Amino acid sequence: MPDAAPKAALCVRNLRKAYKDVVAVDGLELEVRWGECFGLLGPNGAGKTTTIEICEGLTVADSGDVEVLGMRWNADAKELRQRLGIQLQETQLSEKLTVVETVRLFRSFFRRGPAAAEVIALVQLGEKGKSRVGSLSGGQKQRLALACALVGDPDFLFLDEPTTGLDPQARRQLWELIEQFKLAGRTILMTTHYMDEAERLCDRVAIMDHGKAIAAGTPRELIASIAAEQMVEFSAGGAAQALDVAALRRIEGVREVHAENGSVRMQVTELHQAVPALLDELDRQGVPLTELRTHSASLEDVFVILTGRHLRDE
């Protein structure tokens, strides 16, 4: 990083992008600091991919300002392409080329970077070097796409849902590669639908909905912002229609109650007090439990509380 480096690795100011039938990004404000992994969270259609494609120089914004590594796409496109690594949500690689040929091709686009064999070893595809891309599994193709993003020795890495569709083992292998890149002091902007992924990899996150950032901070800060230590979820089957939700809200330590489709979610501050009181109240109302779960408040709970929608909703 140069001595006169800009304050942030990525600055997005009042960004807007509209298509014929939808406003994808609506006045977005975003800042990614040097050397951090920053996560964009939100449901499908929230504007995450459009935002990241504008930052990557793949899509032109209608208005607003984007500064990447102190540069802008309209003036510094050639230099930016040399310093960025990009893994798209769906990377289409030639299935007839081998792994080595593919990485060598991408390496030829950059002035600097490690040898193809080094990057292939890094993503644990050494045994597949002579295999054609078309013969690789989904996880292997994702690792190959990451190798193509890393082969230019980038200062800034963009990852758009890098582990979607992968099995748990393949996901964790990619996590380890991303963590290695981060430990080297590089900067990452990633989108993801997986909260365990965001909590493990991201220093800070922003939650997007309807093209705007509705909350931002560290995962711990966002979880603390809902002021609820635990979540209680229960189902009452067909008796749920007779449930007096207002009475549940009056239970000591209960901050919020949301009932939908026979299931109830409660934010509570004192689990050991709230659960017995809940059971007593349900018994008083004559409502039988069919299922009861508790868990510590999570990023997904933050999102549901802020927007009323689950992260994986279409």
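We use all heavy atoms of the structure for the numbers below, so side chains are in, but hydrogens, waters and symmetry mates are not. Just so it is clear, the structure is predicted and the values come from calculations on it, not from any experiment.
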Next item on the list: Give a yes or no on whether Arg200 atom CZ has more than 12 heavy-atom contacts from other residues, nucleotides or ligands under 6.0 Å away.
Entry: yes
Check: Can any side-chain N or O of Asp76 pair as donor or acceptor with the backbone N or O of Arg72 at less than 3.5 Å?
Finding: yes
Margin query: Between Met231 and Thr294, is there a side-chain heavy-atom distance shorter than 4.5 Å?
Written below: no
Note to self: Using side-chain contact (heavy atoms from CB on, under 4.5 Å), reason through Leu144 and Val103 one step at a time and then give a plain yes or no.
What the structure shows: CA-CA 8 Å; Leu144 176 58; Val103 178; 3.6 Å; yes
Checklist line | Ionic contact status for Asp209 with Lys48, cut-off 4.0 Å | finding: no
Item checked: Expected output: side-chain Lys182 to main-chain Leu201 donor-acceptor under 3.5 Å -> yes
Next item on the list: Using distance alone, with no hydrogens and no angle criterion, decide if Glu36 and Thr187 have a side-chain donor and acceptor under 3.5 Å apart.
Entry: no
Next item on the list: Measure from the side-chain N and O atoms of Gln142 to the backbone N and O of Pro162, and report whether any donor-acceptor pair falls under 3.5 Å.
Entry: yes
Checklist line | Heavy-atom side-chain contact between Ser94 and Thr102 under 4.5 Å | finding: no
Margin query: Quick one, Leu174 with Arg143, criterion side-chain contact (heavy atoms from CB on, under 4.5 Å). Give me CA distance, side-chain angles, the key distance, then yes/no.
Written below: CA-CA 7 Å; Leu174 252 70; Arg143 279 186 276 154; 3.2 Å; yes
Notebook entry, point to check: Is the side chain of Gln285 donor-acceptor paired with the backbone N or O of Asp244 at a distance under 3.5 Å, no angle test?
Noted result: yes
Notebook entry, point to check: Is the side chain of Trp73 donor-acceptor paired with the backbone N or O of Cys55 at a distance under 3.5 Å, no angle test?
Noted result: yes
Check: So, the side chain of Lys17 versus the backbone of Val60: is there a donor-acceptor pair under 3.5 Å, distance only?
Finding: yes
Margin query: Contact between Ile188 and Phe38 at the side-chain level, heavy atoms closer than 4.5 Å - yes or no?
Written below: no
Item checked: Closest contact, heavy atoms only, Ile86 versus Ala149 -> O-CB, 3.5 Å
Next item on the list: Identify whether Val264 and Ile251 are in the same connected component of the hydrophobic contact network (ILVMFWY, side-chain heavy atoms under 4.5 Å).
Entry: yes
Check: Would Ile52 end up clustered with Val22 when hydrophobic side chains under 4.5 Å apart are linked, directly or stepwise?
Finding: no
Next item on the list: Considering non-hydrogen atoms only, spot the tightest contact between Val257 and Met266 and give its length.
Entry: CG2-CG, 4.1 Å
Next item on the list: Following the transitive rule for hydrophobic clusters with a side-chain heavy-atom cut-off under 4.5 Å over Ile, Leu, Val, Met, Phe, Trp and Tyr, establish whether Leu136 and Leu146 coincide in one cluster.
Entry: yes
Notebook entry, point to check: Glu199 side chain to Asp196 main-chain N or O, any donor-acceptor pair under 3.5 Å?
Noted result: no
Checklist line | Working for side-chain contact (heavy atoms from CB on, under 4.5 Å), residues Phe234 and Val287 | finding: CA-CA 11 Å; Phe234 69 89; Val287 175; 5.7 Å; no
Item checked: Lys/Arg cation over aromatic Tyr194: Arg171, 6.0 Å, 45° cone -> yes
Checklist line | Minimum side-chain heavy-atom gap Val100-Lys130 below 4.5 Å | finding: no
Checklist line | Distance-minimising heavy-atom pair for Thr192 and Glu197 | finding: OG1-OE2, 2.7 Å
Notebook entry, point to check: Would you say Arg112 has more than 12 foreign heavy atoms packed within less than 6.0 Å of its CZ?
Noted result: yes
Note to self: Using the rule given for salt bridge (Lys or Arg N to Asp or Glu O under 4.0 Å), can you reason through Asp301 versus Arg265, listing the C-alpha separation, both sets of side-chain angles and the distance that settles it, and then say yes or no?
What the structure shows: CA-CA 10 Å; Asp301 295 313; Arg265 294 170 55 90; 2.6 Å; yes
Next item on the list: Look at the side chain of Gln82 and the backbone N and O of Arg111, then say whether any donor-acceptor pair between them is shorter than 3.5 Å.
Entry: yes
Next item on the list: Check whether any side-chain heavy atom of Glu101 lies under 4.5 Å from a side-chain heavy atom of Leu105, and answer yes or no.
Entry: no
Check: Got Ser263 and Glu233 here, is their nearest side-chain heavy-atom distance under 4.5 Å?
Finding: no
Next item on the list: Could you tell me whether Glu31 and Arg13 have a side-chain N and a carboxylate O separated by less than 4.0 Å?
Entry: yes
Checklist line | Shortest non-hydrogen contact from Glu221 toward Gly217 | finding: OE1-CA, 3.5 Å
Next item on the list: State plainly whether one hydrophobic cluster holds both Val23 and Ile207, where clusters connect Ile, Leu, Val, Met, Phe, Trp and Tyr through side-chain heavy atoms under 4.5 angstrom apart.
Entry: no
Notebook entry, point to check: Do Leu88 and Glu56 touch side chain to side chain, with heavy atoms closer than 4.5 Å?
Noted result: yes
Note to self: As an exercise, state the distance from CG of Leu159 to CG of Leu157, rounded to the nearest 0.5 Å.
What the structure shows: 4.0 Å
Notebook entry, point to check: Does Arg293 use its side chain to pair, donor to acceptor, with the backbone of Val232 at less than 3.5 Å?
Noted result: no
Margin query: Quick one, Leu40 with Glu161, criterion side-chain contact (heavy atoms from CB on, under 4.5 Å). Give me CA distance, side-chain angles, the key distance, then yes/no.
Written below: CA-CA 10 Å; Leu40 277 182; Glu161 298 185 21; over 6 Å; no
Check: Which heavy atom of Pro43 sits nearest a heavy atom of Met208, and at what distance?
Finding: CD-O, 3.7 Å
Next item on the list: Inspect the surroundings of CZ in Arg204 and state if more than 12 heavy atoms from other residues, nucleotides or ligands are less than 6.0 Å away.
Entry: yes
Notebook entry, point to check: With a 4.5 Å limit on heavy-atom distance, are the side chains of Leu15 and Asp65 in contact?
Noted result: no
Notebook entry, point to check: Is a donor on one side and an acceptor on the other found under 3.5 Å between the side chain of Asp62 and the backbone of Ala18?
Noted result: yes
Next item on the list: Can you see which heavy atom on Pro114 is nearest to which on Val119, and at what distance?
Entry: CG-CG2, 3.3 Å
